[in-house]
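Only one structure is covered here, and it is reproduced in the block below.
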Amino acid sequence: MKEVRVRFAPSPTGYLHIGGLRTALYNYLYAKKNGGKFLLRIEDTDRTRYVEGAIENLIESLEWAGITHDEGVFVKDGEIVDVGDAGPYIQSQRLPIYQKYVDELIEKGHAYYCFCTKDRLDSLREEQRIKGQVPKYDGLCRSIPIEEAKKRIEAGEEYVVRLKLPKDKNITFNDAVRGKVTINTDEIDDQVLMKSDGFPTYHLAVIVDDHLMDITHIVRGEEWLASTPKHVYLYECFGWEAPEFVHLPTVLNKDRKKLSKRQGDVSVEDFRNRGYLPEGLVNYLALVGWSPEDGEEIMTLDEMVEKFSFDRVGKSGGIFDTDKLNWVNSHYIKSYDLDKLAELSIPFVVKSGLITEEEIRNNFEWYKVLIDTVREGIDKLEDIPEHISFLFGDIEITEDAAKEELQAEHVPALLDSFIKIVKSHDEIDLEVAKGLMKEVQKDSGVKGKALYMPTRAAISGNVHGPDMSNIIYLLGKDKLIERAEKIKNSL
Ligand code: GLU
């Protein structure tokens, strides 16, 4: 069997859309599952949409997500480089290649020069719109004899090259998700293949590159499904074998509309900046449009590779559900390597202003306990500050329930005992913290809820929260005394 070769072919328009990451992921999974290769190609033939730094950004987002490619465009030592034998992998560096193939199409009579001006095309479109027709090129330049066309080009006239589609021909291809698709050429436009600036359009470049790069499966968003018949016809014109087509359902929001930047987070960077872990985001995205046969939802990348197949990709749009993303991500937060999680969390905590990076670095073991203490209750790293703020600054009794607990008659004596026990230790390390409440119990004679609730309220301001011994350790001797005294004096 031929080696599987798939590609992700984004346009460098500024950022990696979450739907793009899912396309890259499915390509990656399929390549790995079949021992094949995954390529990254940059489709930058639309110069009006080019954004500086976008290629680096794309590669960096893919790397962050762990979706690594084998061939194509890479960044090495700050430079964009090609790796592989089928390059260049950036389309703007392949112009002579496209020119050669356009010339071949013209020669074979499958394409023609078109001299229609923008004004003519605009008024044609307007006329068709008024008549309620689908806007379509009317084929005016199809019949210009090639010699005449060449003379006009020599004389300096502006032109594009269009595909000469045969009339009333059914084009059929198989899509791994949609099944058999047939479209009649009368419903399709004579697509521009080469623009007046000498750049090919996507439609020409994509088929030339997929052929020359030996791509076996085209896995991409379903917005390209309607263009596929033109591509299939082009393969026919060149006498090339077309790859397999796999069009993935669009990633939709809860209102079943395309996820768009206007409604909030759509780029991989947005999710990264909110503290989603790469493993969580990728695991969740895999499930938007696909599910493994065993119904498992939490999977490592390797497990996904093992279970992946196109027959379990759904036809209808995949709904992006933030609650579910949070649920999946929280699973990874809970089980993540603590050192790594602590390291990743630093920018989020520092940004909140509660503590400086230097303080964190100087007390890293303490900081790890802090992160370990709150990770149970959070979905993503940006949630951390609100869960730890009670440990910083002055004690504030925020909950009515906490105020109530502190009203009980035995509380002043209990807090006295608590302060006495804390003072009896040189330092409150984890060991001491673990046994501290037992000591207070012995000393005060108060037990159970009557012991824990008011003490928790007095040192944290709340009646609920993380494990008491962790709070005791994290606050440390001075703060424990300061807080307990302040509350006691306020009673
Ligand atoms: N350059 C296209 C995009 O930005 C890729 C389409 C394809 O994979 O063929 O989505």
Side-chain angles (χ1 to χ4, degrees), residues 4-31 36-51 54-59 61-62 67 69 71-73 86 88-95 98 101 163 173 175-178 181 191-193 195 199-235 240 242-251 258-261 266-268 285 289 310 313 317-318:
V4 165
R5 284 171 66 81
V6 293
R7 84 308 191 265
F8 178 50
S11 298
T13 52
Y15 60 90
L16 178 55
H17 191 280
I18 205 81
L21 180 62
R22 193 200 52 176
T23 300
L25 170 65
Y26 287 10
N27 272 286
Y28 171 93
L29 294 176
Y30 191 72
K37 293 271 181 317
F38 173 42
L39 282 72
L40 176 67
R41 180 174 75 223
I42 300 296
E43 301 204 327
D44 61 343
T45 55
D46 185 352
R47 305 308 285 171
T48 56
R49 294 175 68 208
Y50 184 77
V51 173
I55 298 179
E56 289 88 339
N57 182 298
L58 274 166
I59 293 176
S61 291
L62 286 171
I67 313 296
H69 52 294
E71 192 177 318
V73 183
Y89 296 92
I90 298 182
Q91 289 186 328
S92 59
Q93 297 170 7
R94 298 172 63 80
L95 301 188
Y98 307 127
Y101 287 103
L163 175 63
F173 62 93
D175 183 87
V177 177
R178 307 251 145 195
V181 180
Q191 179 65 51
V192 174
L193 300 176
K195 294 175 279 184
F199 276 76
T201 55
Y202 157 72
H203 304 281
L204 176 73
V206 76
I207 73 122
V208 168
D209 289 351
D210 286 336
H211 174 70
L212 295 180
M213 294 177 188
D214 272 329
I215 299 303
T216 56
H217 298 73
I218 294 185
V219 184
R220 64 183 165 202
E222 71 182 344
E223 66 270 30
W224 300 108
L225 187 71
S227 303
T228 307
K230 290 179 223 174
H231 301 177
V232 170
Y233 181 67
L234 275 167
Y235 280 103
W240 296 337
E244 306 274 334
F245 294 99
V246 187
H247 286 94
L248 308 173
T250 309
V251 179
K258 222 179 143 178
L259 266 194
S260 89
K261 194 124 190 118
V266 290
S267 77
V268 173
L285 267 184
F310 291 132
V313 172

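One-based numbering, in listed order, for ligands and for the atoms of each.
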Worksheet item: Which atoms from ligand 1 have a heavy atom of Glu43 less than 4.0 Å away?
Response: 1 (N), 2 (C), 5 (C)
Item to complete: Before accepting this row, confirm whether a basic side-chain N of the pair Glu222/Arg178 lies closer than 4.0 Å to the acidic partner's carboxylate O.
Response: yes
Worksheet item: Does Arg7 come within less than 4.0 Å of ligand 1, judged by its heavy atoms?
Response: yes
Worksheet item: Between Asp209 and Tyr98, do the side chains contain an N or O donor and an N or O acceptor separated by less than 3.5 Å?
Response: yes
Worksheet item: Which ligand 1 atoms, with their elements, are less than 4.0 angstrom from a heavy-atom of Val206?
Response: 9 (O)
Worksheet item: Would you call the rings of Phe310 and His217 parallel, tilted or perpendicular, where under 30° means parallel and over 60° means perpendicular?
Response: tilted
Practice prompt. Report the relative orientation of the aromatic rings in Trp224 and Tyr202; use parallel for angles under 30°, tilted for 30 to 60°, perpendicular for over 60°.
Written response: tilted
Worksheet item: Ser11 heavy atoms, cut-off 4.0 Å: which ligand 1 atoms fall inside?
Response: 1 (N), 4 (O)
Worksheet item: Can you tell which part of Trp224 has a heavy atom less than 4.0 Å from ligand 1: side chain, backbone, both or neither?
Response: side chain
Worksheet item: Hey, are Asp210 and Arg41 close enough for a salt bridge, meaning a charged N less than 4.0 Å from a carboxylate O?
Response: yes
Item to complete: Quick one: closest heavy-atom pair of Glu43 and Val206, and the distance?
Response: OE2-CG2, 3.8 Å
Worksheet item: Any nitrogen or oxygen of Ile218, main chain or side chain, under 3.5 Å from a nitrogen or oxygen of ligand 1?
Response: no
Fill in: Nearest non-hydrogen protein atom, atom 5 (C) of ligand 1
Ala9 O, 3.1 Å
Response to the item:
atom 6 (C) of ligand 1: of Phe8, Phe245, Tyr202, the nearest heavy atom sits on Tyr202
